[in-house]
Amino acid sequence: MGVLSCRSIAFARAFWFSALGLLAALLAGQNAYAWLDVDPALEAAFVYNFAKFTDWPDSMASLPFTLCVADRRDELFAAFHRLEGKPVHGRELHVRRLNSPPEALHCHVIFIGDGAVGDYQHAAPAALTVGDSEGFAGGGGVIGLIVQDNRMQFEVNLDAVRRANLKLSSQMLKLARIVK
Amino acid sequence: MTRSLLSWLLAVYALALPAVALANDEPLLAMADKSYEELSLEELMNIQVTSPSKKPQRLADTTSAIFVITQDDIRRSGATSLPEVLRMAPGVEVARIGTDKWAVSVRGFSERFDNKLLVLIDGRSVYTPLFSGVMWNMQSTPLEDIERIEIIRGPGAALWGANAVNGVINIITRDSKDTQGNLVDAGTGNQERGFGYLRHGGKIGANTTYRVYGQAFDRAPSQYQDGQQANDSWRSQQGGFRLDWRQGIDQVVVTGSALHTTSGDLVALGTITPPYQQLVPNIQTDNENNLLARWQRKLGEGADLALQAYYDQSAIRYLNGAEQRQTMDIDFQHHLPLSARQDLVWGLGLRQSRDQIDNANWVTLNPNSRTTNLYSAFFQDDITLRPERWRLTLGSKFEHNDYTGYEVEPNARLLWTPDAVNHFWLAQSRAVRMPSRIDSDSTVNQGVLPPLSAQNPSPLPVFTRFTGSTAIQSERVDATEFGYRAQLSQRFAVDVAAYHNHYTKLETTLPGTPTLGFCGPYPCYVIQPVVAGNQASGHSSGIELVLDWRTYDNWRQQLSFSHQTMSIDNSLAEDIAGKSPRNIASYRSQLDLSGNLQLDGWLRYVAGLESGGVPAYTTLDLRLAWKPSKNVELSLVGQNLLQPHHLEFVSTEILSTPTEVSRSVYGAIRWEF
């Protein structure tokens with residue numbers, strides 16, 4: 001095996017260190033969320049379909065149907081906001097933005113981009129929790145949006161479905177990737 | 001059925017296809033304002049989300065001529081080698097010139113070692129700096145492990161680097177989380193004497209998945225035009241792994257493989273004594289090992305960071321010459337949205353390649369050991385001029401190499417989306433092809449002109465010897481491209497690309513001062529050097545079309561067609577234009593019959609080549625696959641069925657005796673457990 005010359009090693013080292021230095025500079029004070037990077041309108045459309053094909057327990061029937069968004073991405077909230085007024089389960093869909101878990105009390109669907117899934121599920125146990133962060137469904141959320149094979153798919157955590165007392169349509173489950 | 005009748009039928013079919021396809025389908029044009037919320041879950045799950053421009057983007061919005069081959073396309077093609085899979089893409093010329101040899105190129109310049117194409121596997125460049133070409137006999141990445149192949153036609157230099165003059169082939173392997181469990185794939189046939197692939201995928205803890213695999217195959221030799229068996233049986237053994245680790249915002253991928261392969265050919269070498277040519281059987285053995293690691297981190301608001309490093313080591317033996325090479329590469333890339341309307345990707349890279357070459361009597365390199373460094377930096381800025389309508393992309397790559405110094409490769413691209421269905425794009429780019437070791441430092445004996453012949457009236461044999469020159473410059477292309485892409489209905493899509501390339505400083509050779517060679521005290525031969533230079537320029541233009549039609553849920557058809565013309569203005573340049581076919585057509589049909597049966601067909605037409613007098617050919621591959629149970633698939637594949645054998649290309653780069661492609665059949669079993 002050949003040995004790299006001293007000069008070439010020096011070059012490589014210099015480059016490595018400057019790259020690392022740059023990295024360190026860039027990483028300082030950056031946000032740390034591994035969201036999906038796809039068209040927000042596409043994500044909103046998926047969530048709308050989830051809402052249409054899920055059945056909630058009767059206790060939620062009297063409440064206005066609310067989709068709550070706990071996510072700092074403005075573009076994403078704007079996409080969800082465009083769903084306002086659309087028909088779902090014979091009623092109109094309402095969209096609300098959340099700033100903290102306790103506000104989630106009467107939400108049917110909670111899209112969680114910021115914050116711990118557990119906190120929201122504690123505040124609203126019967127809510128359908130959806131997210132697009134890495135390992136959302138595996139970590140306890142009901143439905144996680146993922147990208148696979150260049151297309152958007154979704155993972156369903158059956159344990160979480162049961163705990164929230166939800167019924168997902170068989171058509172929807174057929175298309176899902178079951179995580180638990 | 002005659003050849004011309006078949007091509008006429010295909011042409012008529014291609015023209016009629018859109019009308020027939022749209023007749024029963026609601027055109028998306030009428031649903032232009034239909035938003036995502038009105039689509040069903042199945043429809044939403046069919047939308048392509050990422051593209052190759054180094055960040056997530058809808059495929060339809062890509063401002064390049066791009067064609068994607070998926071794992072499903074690969075499996076249903078019945079192909080057993082990477083170059084064969086590439087035939088389904090428009091603009092790609094693939095000619096098989098032996099069991100283990102191919103001439104693969106994009107938009108012209110077809111030859112065994114085409115140097116205007118960049119091929120990457122998981123970000124690792126696989127062209128050799130020795131002659132800037134790809135040794136396809138060493139690219140045996142198991143087809144089972146490929147997630148997709150992105151073929152980007154046109155200069156991709158701004159993003160991908162030197163040598164991406166006419167195209168980039170980006171091969172992406174599957175994430176190990178998608179290849180869990182065990183898999184055995186084995187088969188045998190008349191050409192594929194035997195092949196086997198074994199893979200195991202598992203998890204380590206909650207955050208890590210991996211796979212390890214072993215692959216071996218033995219392929220029968222091809223035959224010469226006179227029917228004699230050639231010397232090119234091909235044996236290969238390869239093992240490798242991939243590991244994926246994820247936690248929160250970080251993702252790390254590690255891949256590695258080790259390859260050992262042997263094959264052969266028959267090379268014509270010049271001799272001093274009559275008949276002045278000797279056919280030398282050559283056995284080539286190659287070993288190659290590589291290790292690659294990539295770390296990606298997602299930052300907030302759509303930004304991300306990636307750092308990649310790889311090490312590649314190879315040892316090649318060819319006709320009493322040998323090369324040992326070690327390559328190290330580090331790449332850094334940062335993607336950040338600058339504002340609501342601007343999105344920037346930029347990066348830095350360093351590649352160092354060191355070689356030790358044993359000179360042989362027909363090729364020498366001076367120096368015979370060299371370390372070359374390639375420094376690069378690039379940026380690409382996506383500017384939204386008007387949301388959902390106009391987008392401008394400006395970018396450039398800056399490189400410094402040891403042969404020609406600094407090179408700048410800028411490009412500008414424009415995207416127009418008048419509605420949700422139609423996409424138009426326009427691009428102007430420049431790319432360069434860096435010199436290789438052979439261009440700069442070598443002498444290669446090319447052949448002998450016998451004495452007292454038409455080309456050589458002298459009484460002594462004349463050896464023509466290619467002589468590299470350190471004054472060699474980079475070849476250059478300035479390309480203007482235009483494209484249109486549309487999902488015309490739920491089931492029918494069309495993609496058209498047209499281009500005009502202006503080439504300058506193409507490599508040529510000029511006769512130098514001949515020298516006399518002695519046998520003892522007597523002169524017995526003449527050496528005529530032909531010195532490398534950059535005297536040629538030329539133009540090429542072409543158009544590429546893809547029609548994709550899911551006729552029924554269980555029947556998909558795809559037609560791809562390419563037309564190109566080229567003219568090079570210097571007769572001293574090699575016969576470049578004559579080596580590329582004027583027209584290529586490929587028609588694929590994938591039919592899911594009931595009872596777990598798949599019937600796939602692939603019909604191909606390639607026009608004739610002036611160089612070597614290769615006639616046009618039409619050929620057909622058929623595949624029948626049966627799944628008796630969920631985990632087992634049996635398949636029967638016939639390839640090149642329309643003739644017992646046919647010639648595809650005559651290479652003049654190394655004077656190997658041309659061989660033909662034979663009709664072949666193989667059966668395979670695929671078992672997951």
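So you know, we letter chains A, B, ... as the sequences are listed, proteins then strands, and number each from 1.
The number of heavy-atom neighbours closer than 6.0 Å to NE2 of A:His122, taken from other residues, nucleotides and ligands shown, is 12 or below. Residue A:Glu75 qualifies as open at atom CD: its count of foreign heavy atoms under 6.0 Å is 12 or below.
With a threshold of 4.5 angstrom between heavy atoms, B:Asp355 does not approach chain A through any atom at all. With a 4.5 angstrom heavy-atom cutoff, A:Phe46 touches chain B via backbone and side-chain atoms both. Using a 4.5 Å cut-off between heavy atoms, B:Arg325 makes no contact with chain A at all.
Of all residues in residues 158-177 of chain A, those placing a non-hydrogen atom less than 4.5 angstrom from a non-hydrogen atom of chain B are A:Gln171, A:Met172, A:Leu175.
Interatomic distance, CG of B:Leu41 versus CD of A:Gln153, reported as 10.5 Å (0.5 Å rounding). Atoms CZ and CG, on A:Phe154 and B:Leu44 in that order, are 10.0 Å from each other to the nearest 0.5 Å.
Heavy-atom minimum distance, A:Asn49 versus B:Leu39: ND2-O, 3.6 Å.
Evaluation of the side chain to side chain donor-acceptor pair (under 3.5 Å) test over residues 100-111 of chain A, restricted to residues two or more places apart or in two chains, returns A:Ser100-A:Glu103.
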